[in-house]
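A short worksheet on the structure shown next.
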Amino acid sequence: YRSGSQLDVASQAVVLLLLSTAAMFRVDEDGRMRDADEDGWRKSELYYAQAEHLLSLETGAPTLASVQARFLMVLYLLSSSRAQKAWFVFGTTVQLMMALGLHNRRARRHHDEEEDLVQQECQRRLVWCSYTLDKYLSVILGRPRLWHDEDLDEDLPTRVNDEDLTMRERRLTRRDCVMDAPVFHAVLAQILTQAAKKPYVLAGLSDQMEIETIRGLCGEVAKWQAELPPFLSGVIQPSSLVPVFRRQLTVLQLARYHALMFITRPLLLRDYGQMWPEHRSSYRYHLHLCLTAAREAIESILGFVREDELFPAFWYSQYIAFNALSIIYLYLIQVRRNRLPSASLDFVASPENTLHTDLDESMLYRLSETAVTHLADATARNAPSWKYSVILQGLRHELARLGPPILENDDAQATEPIALSRPVPESIPRPTEHGGETGRHEQQAGPAPVGDYNLDPNGLPPIFAGLD
């Protein structure tokens, strides 16, 4: 933007969409971020509606600002619980990027000398952020991926902070860099893409060599984790980090848990260690890895609850919490049906005969029952909550029918059923898929009851499809 010039409509829409996202939150008297009140959500929707109107007036060839505005629309729609519309807008966004050749260095080779470094980095960041988001939308909605690795040859964003970047100079950042997290997230998304292409992910394991495939993919995640810089690796206490790095650490931790769960969850289908004895130790190790990732993901979500930071707009953490809860409930059901070995028994003794109780079934049950209530509260006004609630309620009913894990006497109260949807405070109108506002009656209606799942080994793959 140059002084005296007028912003084009796409750039104006970018500004409005930034304001619409910011309006979803507010700062309380203690300086802590909180979910917006009713007035905040109304302002947010007004900013979005005006931005959408401006983009409808856009004429001529698309520009970088055109793509940036639509990508911001996708993020806003996801945060306001309009995933289906977000996916359609995202499709247009990716098409515009392809039309501009942002994904292809060779297509823009004759423009490289004309591009300033700021614009070049903006293009790279936009492409790779959209690549990462594409993998999650594909998994969540069960749709084909829009970005394919073989079509994408743009470099990853440079490790540089904004203050070290000018139109003609790019000074590599020697200190902690805010671009480390997006780059590492994109690399993890590439591993997730590899896993999503494997047939066993939805159909279950049909060949013992697929155990080795799981081992290789988990090894890729472990290698990725080992390459993280210290401030993103978890070796530094999150409370010691500045807010932006603390948020980035949280996102990457949840992304790693999700990747491990996605890669290993088909091991819940049956005891493959009994089917293929030569792979028993590897099978049980990776089953343990799956449950550990689910447990740590839930503990992270409960940490948000303790800090009062589980916001309705955080669709990403809600989705990962749902995955973790469904995995633990499926595991408990399968153990109760004697179709899986108990991880608490398999890993009771280490070579030093020390006890490992972190995957004790009663502990997992208590943890899940606590988390599911908070997840219901955070998603009470979100459209995806209906799907989450129905599936989790079905799994909980099936576990209740089989009998929950045996608890200690002083934990007997933990066996009491917890209502999936606790009473929600005075409702705040929220946008729906059709752009309107949900009424009070609709919000309190809740999910319709469902019958028990028929959890035979051949019936679980469709459930995995339902989880996505």
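Not measured: the values here are computed from a predicted model.
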Short side-chain to backbone donor-acceptor contact, N161 and D164, under 3.5 Å: no

Qualifying residues under ring pair (Phe, Tyr, Trp, His ring centres under 6.0 Å), relative to Y331, sequence neighbours excluded: none

Sidechain-backbone polar pair: S130 side chain, L126 backbone, donor-acceptor under 3.5 Å: yes

Distance-only donor-acceptor hits, side chain of residues 12-25, under 3.5 Å, sequence neighbours excluded:
{"residue": "Q12", "atom": "NE2", "partner": "L7", "partner atom": "O", "Å": "2.8"}
{"residue": "S20", "atom": "OG", "partner": "L17", "partner atom": "O", "Å": "2.7"}
{"residue": "T21", "atom": "OG1", "partner": "L17", "partner atom": "O", "Å": "3.1"}

Cationic N near anionic O, under 4.0 Å, E361 to R336: no

Partner set under ring pair (Phe, Tyr, Trp, His ring centres under 6.0 Å) for W147, not counting sequence neighbours: H103

Test item: side-chain donor near acceptor, Y76 and E45, under 3.5 Å: yes

With sequence neighbours excluded, residues passing salt bridge (Lys or Arg N to Asp or Glu O under 4.0 Å) with E227: none

Intermediate values then yes/no, ring-ring contact (aromatic ring centres under 6.0 Å, His included), Y131 and H148: CA-CA 9 Å; Y131 174 90; H148 297 279; 9.9 Å; no

Would you mind writing out the side-chain donor-acceptor pairs for residues 240-256 within the sub-3.5 Å range, not counting sequence neighbours?
{"residue": "R246", "atom": "NH1", "partner": "L241", "partner atom": "O", "Å": "2.7"}
{"residue": "Q248", "atom": "NE2", "partner": "V178", "partner atom": "O", "Å": "2.8"}
{"residue": "T250", "atom": "OG1", "partner": "R246", "partner atom": "O", "Å": "3.0"}

Side chain to side chain contact (heavy atoms under 4.5 Å, CB included) partners of A195, counting only residues at least two apart: L217, F262, I263

Side-chain donor-acceptor pair present, Q334, Y329, cut-off under 3.5 Å: no

Student check: side-chain heavy atoms of T166 and V118 closer than 4.5 Å: no

Expected output: side-chain W315 to main-chain S81 donor-acceptor under 3.5 Å: no

T63 backbone acceptor or donor facing S66 side chain under 3.5 Å: yes

R70 and T92 side chains, donor-acceptor separation under 3.5 Å: no

Distance-only donor-acceptor check, side chains N323 and S326, under 3.5 Å: no

Cationic tip of R82 above F90 ring, under 6.0 Å, 45° of axis: no

Side-chain ion pair, E121 and R124, N-O less than 4.0 Å: yes

